Amino acid sequence: MHRYHVFETAHGFAAIGWSGRGITAFRLPASTAAEAERALLRRLSDAVRTDPPADVATVIAAAQRYFAGEQTDFDGVPIDLGEQSPFFARVYDAVRALGWGESTTYGAVAKQLGAGPEFARDVGQAMASNPIPLIVPCHRVLAAGGKVGGFSAPGGSIAKARMLALEGVETAAAPLAPKPTTQQSFGF
């Protein structure tokens, strides 16, 4: 059974889903709680809204700190991605090792996994299928030359660039923007 919770961050409302094995879904900040909830329920239609247990509340607090601009690590968060192809599972493990302010490219992840450059697209497909952005930090994987590249989460590449800017990462397409002084949605 899946459960979920909607919570507020400095950049809008996020939602998180979990099972008994770990985090199963994450909705990046939206402008309203209803929008965040709807997006999460599209992925987990059977989920029941509830207060989070202590371990999930810890992840929520870490996400709130992240969107407030505080260096945060999600590497040890238990996740439950369900059935994944072996290659996608390896990609997710490799990307989870990227820390705050680190970035890599689709091709570099493929190479790290012992695959040829032709697997860069497969890495991109894994990132596009990632059900728990931020916890599996797909925003830290860039296109060749440090370009932002695609981002399948709502808000697209602009949202990806904003998350990277929070971490102090400049990309070829998006210079650092000033830190907002009021709550703003990433437009996810």
Side-chain angles (χ1 to χ4, degrees), residues 2 4-19 22-33 35-44 47 52 56 58-82 84-85 88-106 109 122-143 147-167 169 171 174 184-188:
H2 289 101
Y4 76 96
H5 186 74
V6 177
F7 60 97
E8 193 167 7
T9 76
H11 287 277
F13 293 88
I16 189 169
W18 66 91
S19 71
I23 304 302
T24 58
F26 191 86
R27 172 59 164 88
L28 295 171
S31 57
T32 68
E35 184 182 342
E37 182 176 42
R38 263 191 318 276
L40 186 116
L41 289 174
R42 277 194 295 272
R43 181 173 291 282
L44 299 177
V56 175
T58 299
V59 178
I60 290 169
Q64 289 169 321
R65 288 191 309 274
Y66 175 89
F67 288 110
E70 184 179 320
Q71 185 172 338
T72 310
D73 177 23
F74 296 94
D75 189 34
V77 172
I79 61 174
D80 176 9
L81 297 175
Q84 298 291 326
S85 75
F88 276 27
R90 290 176 55 217
V91 168
Y92 294 142
D93 286 343
V95 171
R96 282 195 84 190
L98 293 170
W100 175 275
E102 291 182 86
S103 64
T104 190
T105 64
Y106 301 110
V109 172
D122 296 308
V123 171
Q125 289 174 349
M127 297 297 86
S129 300
N130 177 12
I132 50 176
L134 183 62
I135 297 166
V136 172
C138 52
H139 65 282
R140 295 179 180 149
V141 184
L142 304 171
K147 295 179 183 160
V148 172
F151 196 52
S152 62
S157 353
I158 292 170
K160 182 176 184 175
R162 288 179 179 162
M163 291 176 75
L164 290 167
L166 266 179
E167 298 181 28
V169 176
T171 60
Q184 297 180 5
S185 167
F186 276 131
F188 294 106

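All values reported here derive from a predicted model rather than from experimental measurement. If you read the sequence from its start, that first residue is 1, and numbering goes on from there.
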Close side-chain approach of [X] to [Y], heavy-atom, < 4.5 Å:
X    : Y    : answer
V95  : P137 : yes
L164 : L142 : yes
P52  : W18  : yes
V91  : N130 : no

Looking at [atom1] of [X] and [atom2] of [Y], how far apart are the two atoms once the value is rounded to the nearest 0.5 Å?
X    : Y    : atom1 : atom2 : result
T24  : I135 : OG1   : CD1   : 9.5 Å
K160 : L28  : NZ    : CG    : 12.0 Å
I60  : I16  : CD1   : CD1   : 5.5 Å
E37  : Y4   : CD    : OH    : 3.5 Å

### Task
Would you please classify the geometry between the F67 ring and the F26 ring as parallel, tilted or perpendicular, with 30° and 60° separating the classes?
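Answer is parallel, since the angle falls under 30°.
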Taking only residues two or more places apart in sequence or in another chain, which ones pass side chain to side chain donor-acceptor pair (under 3.5 Å) with [X]?
X   : value
S19 : D80
Q64 : none
D93 : none

#### Entry: Counterpart residues, side-chain contact (heavy atoms from CB on, under 4.5 Å), relative to P131 (two or more places apart)
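Only R43, L81, Y92 meet the side-chain contact (heavy atoms from CB on, under 4.5 Å) criterion with P131.
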Smallest separation among heavy atoms of [X] and [Y], with atom names:
X    : Y    : value
G101 : V169 : O-CG2, 3.3 Å
P29  : T9   : CG-OG1, 3.7 Å
A30  : A36  : CB-N, 4.0 Å
A68  : A10  : CA-CB, 4.1 Å
W100 : T72  : CE3-N, 3.5 Å
F88  : S129 : CE2-OG, 3.9 Å

### Message
Name the residue from L134, V136, I132 that meets the side-chain contact (heavy atoms from CB on, under 4.5 Å) definition with I23.
### Response
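Output: one option passes, namely I132.
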### Query
Would you call R27 and E35 a salt bridge, taking side-chain N to carboxylate O under 4.0 Å as the test?
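E35 and R27: salt-bridged.
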### Query
With sequence neighbours left out, what residues match R140 under salt bridge (Lys or Arg N to Asp or Glu O under 4.0 Å)?
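Residues passing salt bridge (Lys or Arg N to Asp or Glu O under 4.0 Å) with R140: E167.
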#### Entry: Partner set under salt bridge (Lys or Arg N to Asp or Glu O under 4.0 Å) for R65, not counting sequence neighbours
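For R65 the salt bridge (Lys or Arg N to Asp or Glu O under 4.0 Å) partners, ignoring immediate neighbours, are E70.
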### Query
Going through the distances and angles, do V109 and M127 end up as a side-chain contact (heavy atoms from CB on, under 4.5 Å)?
CA-CA 11 Å; V109 172; M127 297 297 86; over 6 Å; no
### Message
Determine whether a donor-acceptor pair (N or O, by modelled atom type, separation under 3.5 Å) exists between the side chain of R96 and the backbone of D75.
### Response
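Flag set: sc R96 to bb D75 pair under 3.5 Å.
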